[in-house]
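Beneath this line is the structure, given in structure tokens, with notes to follow.
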Amino acid sequence: MVSTVLASTLARRNIHYGWVVVAATFLTMLVTAGAMGAPGVLIKPLQDEFGWETSQISSALAIRLILFGFMGPFAAAFMNYFGVRKVIVFALALIGAGFIGSLFMTTLWQLLLLWGIVVGFGTGLTAMVLAATVSSRWFTKHRGLVVGMLSASSATGQLVFLPLMAELTERYGWRSTVFFVCAMIMVAALSVLAFMRDRPADLNLPALGETQVTPPPASTSLGVALMTPITVLGEISKTSTFWILFATFFICGLSTNGLIQTHFVTLCGDFGIVPVAAASVLAVMGIFDFFGTIGSGWLSDRFDNRWLLFWYYGLRGLSLLYLPFSDFSFYGLSIFAIFYGLDWIATVPPTVKIAADRFGPEKVGLVFGWVFAGHQLGAATAAYGAGLSRTELSSYLPAFFVAGAFCLLASILAITLKKSGLSSPAPAAAH
């Protein structure tokens, strides 16, 4: 097999195969995030072709975001039962099917089904839980850095493809963007089939940072695997740590992909900025986010993660409160793109680290899956709420003021976490 030969070759050069797995995961999350971000440049074309209102289209995007989040805990269970490789390939096929089907849609219910339910399920299987699962299985050393890299790929993918997709949409229509997304999905699927492996033990390797090969856990029935997320939720819901992480991540979703990714292009259009230029601002955010999130991963291995979250949420809140006063000029939007971009999803590595420290590395995928569900509930709230604000009030700006204020609340919540609680022993993980 390609992976076996490559692992042996890399081992002779003292390079762990886990970095190849990270590369395949990075590409997968980059592409699926690009698919998640695509509707952000398609709202106006869909309005023009089908006559749908912003709030109606936002309903489909809100459904997608909810499913994207609530699939997280079950995605972790599916990865434990079926294996990471099979789950990713199935998810990519599902996303592709949703986008291909949308080429032939004519009514709103088809949009709700395809972009809401089908794409929501598919992207939910490759959400941030994938980053938490891969980092915890393959790495003991550099785990925070790996989470930062994979988180950066997800957030950056939501933004950096947007200028190209906006250009394709403007020149050739929105269906050309759908074809582009499907082509990216195919490339990601081929890389996963070639290079992804479920655990280091599949290649007789220890995790990076360990000396002994850790055997895979004993297999269980599918029924037990599906019940594990519910069982874990029952355990962690008794702790204040979980609810604080859930609440802050709700606000994280409220202030990022549900708001900016979904509505920023249309918001800029209200101020006379063409879609390609607005998408370029998002791409700048994506570039700064890439470095900001990787830097956050590096910091999370070295500093108190509660205070990192305090600063991240606080600065994000100030950025959102500043945006309505930027006059949407080149300089105003540039300042916003830099500061907001550095903080786009820098909250993920500290949140994963806190979850791993408190609940244990084996359970972190399931725990983070439930925390991420809170993120997507917040994202869905913002996706629909901002669309409703524009429909009813003819302005997106109230939604940005609300999101900024909630970010300041999240910064306060983060430091209420008890430091002593972050390293308390976790109960044995259920498999």
Side-chain angles (χ1 to χ4, degrees), residues 16-37 68-69 71-72 75-76 79 84-85 87-88 91-92 123-161 184 187-189 191-192 195-200 207-209 249 252-253 256-257 286-301 305 308 312 341-356 361 364-369 371-372 375-376:
H16 196 276
Y17 192 81
W19 294 112
V20 176
V21 174
V22 168
T25 307
F26 186 98
L27 178 61
T28 298
M29 295 183 69
L30 187 77
V31 167
T32 55
M36 281 288 290
F68 182 63
M71 279 301 293
M79 289 174 193
V84 174
R85 188 165 174 252
V87 169
I88 294 177
L92 291 171
T123 52
L125 291 172
T126 56
M128 290 296 179
V129 174
L130 176 59
T133 301
V134 168
S135 63
S136 62
R137 287 186 182 182
W138 286 84
F139 294 86
T140 299
K141 184 180 180 182
H142 305 310
R143 184 178 292 163
L145 177 61
V146 171
V147 172
M149 292 171 63
L150 297 180
S151 302
S153 74
S154 180
T156 301
Q158 295 172 15
L159 303 176
V160 295
F161 290 121
M184 292 195 303
V187 172
S191 72
V192 169
F195 301 113
M196 177 63 70
R197 290 298 171 265
D198 295 331
R199 297 175 181 273
L208 182 58
F249 240 46
C252 184
T256 52
N257 54 343
I287 293 169
F288 279 92
D289 161 75
F290 183 81
F291 295 103
T293 306
I294 292 177
S296 175
W298 184 85
L299 291 171
S300 71
D301 284 328
N305 288 279
L308 292 179
Y312 295 160
L342 285 170
D343 193 29
W344 170 265
I345 206 162
T347 53
V348 173
T351 301
V352 172
K353 286 281 288 184
I354 290 173
V364 66
L366 291 166
V367 174
F368 185 69
V371 172
F372 189 70
H375 184 281
Q376 295 311 109

Within the distance-only criterion (no hydrogens, no angle test), does the side chain of [X] pair as donor or acceptor with the backbone N or O of [Y] below 3.5 angstrom?
X      : Y      : value
Arg199 : Arg137 : no
Ser296 : Gly292 : no
Ser136 : Thr133 : yes

* Can you sort out the partners of Ser135 under side-chain contact (heavy atoms from CB on, under 4.5 Å), two or more places apart, ordered by chain and number? =>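 Checked Ser135 against side-chain contact (heavy atoms from CB on, under 4.5 Å); matches are Arg143, Val146, Val147.
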Would you say the side chain of [Y] lies within less than 4.5 Å of the side chain of [X], judging by non-hydrogen atoms?
X      : Y      : answer
Leu150 : Leu130 : no
Val187 : Val31  : no
Arg85  : Val192 : yes
Tyr17  : Leu208 : no
Leu145 : Ile294 : yes
Met184 : Leu30  : no
Val21  : Val134 : yes

* Counterpart residues, ring pair (Phe, Tyr, Trp, His ring centres under 6.0 Å), relative to Trp19 (two or more places apart) ->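 With sequence neighbours excluded, Trp19 shows a ring pair (Phe, Tyr, Trp, His ring centres under 6.0 Å) to Phe139, given in chain and number order.
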Of all heavy-atom pairs between [X] and [Y], which one has the smallest distance, and what is that distance?
X      : Y      : result
Lys141 : Gly209 : CB-CA, 3.8 Å
Ser300 : Asn305 : CB-OD1, 3.0 Å
Ala75  : Gly124 : CB-O, 3.9 Å
Thr126 : Ala91  : CG2-CB, 3.6 Å
Asp198 : Val84  : OD1-N, 2.8 Å

Can you tell me how far [atom2] of [Y] sits from [atom1] of [X], rounded to the nearest 0.5 angstrom?
X      : Y      : atom1 : atom2 : answer
His142 : His16  : NE2   : NE2   : 11.0 Å
Thr293 : Phe288 : OG1   : CZ    : 13.0 Å
Thr32  : Leu125 : OG1   : CG    : 10.5 Å

* To do: Decide side-chain contact (heavy atoms from CB on, under 4.5 Å) for Thr256 and His375; before the verdict, give the C-alpha distance in whole Å, the side-chain angles of both, and the deciding distance to 0.1 Å.
  => CA-CA 9 Å; Thr256 52; His375 184 281; 3.7 Å; yes
* Asked: With sequence neighbours left out, what residues match Thr347 under side chain to side chain donor-acceptor pair (under 3.5 Å)?
  ->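 Per chain and number, Thr347 pairs via side chain to side chain donor-acceptor pair (under 3.5 Å) with no residue.
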* Asked: Under the side-chain contact (heavy atoms from CB on, under 4.5 Å) criterion, do Leu27 and Phe195 qualify, and how do the steps go?
  -> CA-CA 11 Å; Leu27 178 61; Phe195 301 113; over 6 Å; no
* So does Asp301 pair up with Lys353, basic N to acidic O under 4.0 Å? ->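 Judged by the 4.0 Å cut-off on N to carboxylate O distance, Asp301 and Lys353 do form a salt bridge.
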